[in-house]
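The shown structure was predicted, so the numbers you read here are calculated from the model rather than taken from an experiment.
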Amino acid sequence: MSTLQPVRGTHDLLAEDSLRHRKVIDTVRDISGRYGFDEIETPIFERTEVFARTLGDTSDIVTKEMYTFEDKGGDSLTLRPENTAGVARAFISGGLAQSLPLKFTYQGSMFRYERPQKGRLRQFHQTGAEILGVEGPLADIEIIALGSHYLEALGVRDKTVLELNSLGDTESRAAYRDMLVNYFRSHLDQLSEDSRERLERNPLRILDSKDQGDRDIIENAPLISDSFNDYSRDFFDAVKQGLDVAKVEYTLSPRLVRGLDYYCHTAFEFTTTELGAQGALVAGGRYDGLIKQMGGPPTPGVGWAAGIERLAMMIDEPEGRARPIAMVPLGTEAEIKALSLTQHLRQGGFSIELGYSGNMKKRMKRANNVDAVACVILGEDELAKDVATVRNMETGDQVEVPLASLEDHLASYR
RNA sequence: GUGGCCGUAGCUCAGUUGGUUAGAGCGCCUGGUUGUGGUCCAGGAGGCCGGGGGUUCAAAUCCCCUCGGCCACCCCA
C-alpha cells in the first residue's frame, strides 16, 4: 500500500462534504440549545477500561472493534468508539452529581475497526444528546422530541420512522431474558449458527436477526411487554402519551432491543430505508445502570447518538459561501491600493477575493472560477482618476466608480 | 473476521481473442486578445494501467499475493 493513501475507512472532508457535515453539526447546536442542552467535549481517547467496562466484555465493539494502544507510560488507551462512556466518565470524575439534572450534547470523531461500507467508516462522526439524573419518563420524551425536531430541522424527518420499544426495568428485563432463553433453547436446532452464539452472549439480539429461519422462530417468541411489571408498563405508557402530546409520531417495534444490561425502559431508533443496510440515523435509549456500573453514584440517564455521515448523505445540498467580489489590481501600486480597499470592504461585511498574482486575464479567470458576482478592476488609468472599474460578471457591463463611493456601489452585489 | 463486484490521466470512463509510440470527454496550461472571465478556435502538458511476483517472444489484458474502493454479512450511528 502507498503510505500516501488515507488509512482505510478514513476520509478527507472537502468542499460539499464539508458543508454537509457543518450543516448537520450547526443544526444540532441550534436545536439542542432550544432544549437547554449544553455542549460537552470529552477527550478523543480514554483509558481502555472506560469502554471495556461500560460496553461489556463480550460486545463486538470491545472484542474486535476498538483502536487500543499502549502509550509511552504503559497505560492502555482506546480511541473512543462512542461517546456515552466518555460523558459518563466526565460526570463521575468531574463530580457533577451535585448539579443534576444535566443535559449535554456532543459532536466529534469516533473510531471503530470495521470493514467500511455505505454509512460506515473507521473514523466517523457522531453527534449525540444525553440527559443525566432524571428518573421519570419526561426525560425520555424530551430526548426523543429533540431527536425528532433535529431531523425535522435537517429536512429528513419525513424520510424516517421512529421505532419505539421498552425493555422494562431490571426486574422485567431479567424475567424476559429467562423466558426468551428458554424459548430459543426449545428451538435450538432451528436457529442459525450466529443466533446460537447470540443465545450465550446476548440473547435479546436474536430478536433482530436477519436470518429468515430465525425470523420464523422469532415470530412466535414471547414479547417483552408480556413480562412487564406495573412500573415498567406505566413508564412506557407515559412515554407514549408524552410523545402523542408532543406530536412526535412513532411506530411500536416490539423486537427493537439493546444488548447491554444497563439499558432499560425506552429504546428507540429513527430509521430510514434510503441508506442501504445502515438504516439507523439516530438511535438511543435509557441507561439507568451505566454510571453506577462504572463506579459512580447511581444516576439515571437517557440519550441518543446520530451518525453525522449518514445524516450528511440524507440532507439537501447546503448553500456554500456567499459569492465574492473579486479585486483585480494591475501593477504594484494598484496591488497596494487593492489590499487597502479589500480590508476596508471586508470590515464592512463584503466577501472579497483578492487575486494573488498574474496578469489581468489570469485574474479574471480566477474571479470566474471563484464565482465572483463582480470584479473591481484597478489599473493605472483608474488610479490616475481615483476610480475603480466595476464589472458585473453576469452581464459583462462595466462602470467607472469613484473610490469614495465604491462601497455604496458594491452594496447592490450583496 | 466472511463473501461478491471493482482499481487505466486531476475527475468520469473506453481499451477487441495477450500484439508496435495506452485513448476520449471534462478539467488544467499556452496562444488567438500588450487591460477583460464565462462562449468559440488552435495548440500543449499530464499515465510505473493501485503495488509486488509469475506465465509468455510479448501483459492494462492471463494466474497468484497484497493494498485500496464499493456493496452485503456480522455488528452498529
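No engagement by A:Gly128 is indicated, since no non-hydrogen atom pair under 4.0 Å with the nucleic acid exists. Within the 4.0 angstrom heavy-atom criterion, no nucleotide atom of any strand lies near A:Leu275. When heavy atoms are screened at a 4.0 angstrom cut-off, A:Glu380 is found touching base atoms of the nucleic acid. Residue A:Gly355 is out of contact with every strand shown, counting any heavy-atom pair closer than 4.0 Å.
A:Ser76 and A:Glu70 share no donor-acceptor pair across their side chains, judged by distance under 3.5 Å alone. Side-chain contact check for A:Thr160 and A:Arg157: at least one donor-acceptor pair (N or O, by modelled atom type) lies under 3.5 Å. A side-chain donor-acceptor contact under 3.5 Å links A:Glu163 and A:Ser253.
Taking only distance into account, the side chain of A:Arg120 meets the base of B:rC75 through a donor-acceptor pair shorter than 3.5 Å.
Remark: nothing in residues 26-44 of chain A comes within less than 4.0 Å of RNA chain B through any heavy atom. At a non-hydrogen distance threshold of 4.0 Å, A:Asp381, A:Glu382 from residues 381-388 of chain A come into contact with RNA chain B. Of the residues in residues 299-323 of chain A, those placing a heavy atom less than 4.0 Å from an atom of RNA chain B are A:Ala305, A:Gly307, A:Arg310, in numerical order. Residues from residues 281-289 of chain A that place a heavy atom under 4.0 Å from any atom of RNA chain B, listed by number: A:Leu281, A:Ala283.
With sequence neighbours excluded, no residue forms a ring-ring contact (aromatic ring centres under 6.0 Å, His included) with A:Phe69. A:Asp226 pairs by the salt bridge (Lys or Arg N to Asp or Glu O under 4.0 Å) definition with nothing, not counting sequence neighbours. With sequence neighbours excluded, the residues that form a side chain to side chain donor-acceptor pair (under 3.5 Å) with A:Asp371 are A:Arg323. Evaluation of the ring-ring contact (aromatic ring centres under 6.0 Å, His included) rule for A:His344 yields no partner, not counting sequence neighbours.
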Would you mind building the protein contact string for nucleotides 4-12 of chain B? One character per nucleotide, 5' to 3', B for base within reach (heavy atoms under 4.0 Å), S for sugar-phosphate only, - for untouched. ---------

Taking Watson-Crick (N1-N3 plus N6-O4 or O6-N4) and G-U wobble (N1-O2, O6-N3), each under 3.5 Å, can you produce the dot-bracket string of RNA chain B? Use [ ] for crossing pairs and | for inter-strand ones. (((((((..((((.....[...)))).(((((.......))))).....(((((..]....))))))))))))....

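Residue pairs that meet the side chain to side chain donor-acceptor pair (under 3.5 Å) test with at least one member in residues 305-322 of chain A, sequence neighbours left out, are A:His125-A:Glu309.
Taking the side chain of A:Tyr113 as heavy atoms from C-beta on, and the options B:rC75, B:rG69, B:rG1, the nearest nucleotide is B:rG1.
Between A:Tyr150 and A:Trp304, the ring planes are parallel. Angles under 30° get that label, and only those over 60° would be called perpendicular.
Ion pairing of A:Lys240 with A:Asp244 is absent here, as no side-chain N (NZ or NE/NH1/NH2) approaches a carboxylate O to less than 4.0 Å.
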Using a cut-off of under 3.5 Å, enumerate the N/O to N/O pairs linking the protein to nucleotides 38-43 of chain B.
{"from": "B:rG38", "atom 1": "OP1", "to": "A:Lys365", "atom 2": "NZ", "distance (Å)": "3.1"}
{"from": "B:rG38", "atom 1": "O4'", "to": "A:Asn368", "atom 2": "OD1", "distance (Å)": "3.4"}
{"from": "B:rG38", "atom 1": "O4'", "to": "A:Asn368", "atom 2": "ND2", "distance (Å)": "2.9"}
{"from": "B:rG38", "atom 1": "N2", "to": "A:Glu394", "atom 2": "O", "distance (Å)": "3.3"}

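Taking atom CD on A:Gln278 and atom P on B:rA72, their separation rounds to 6 Å, with Å as the unit.
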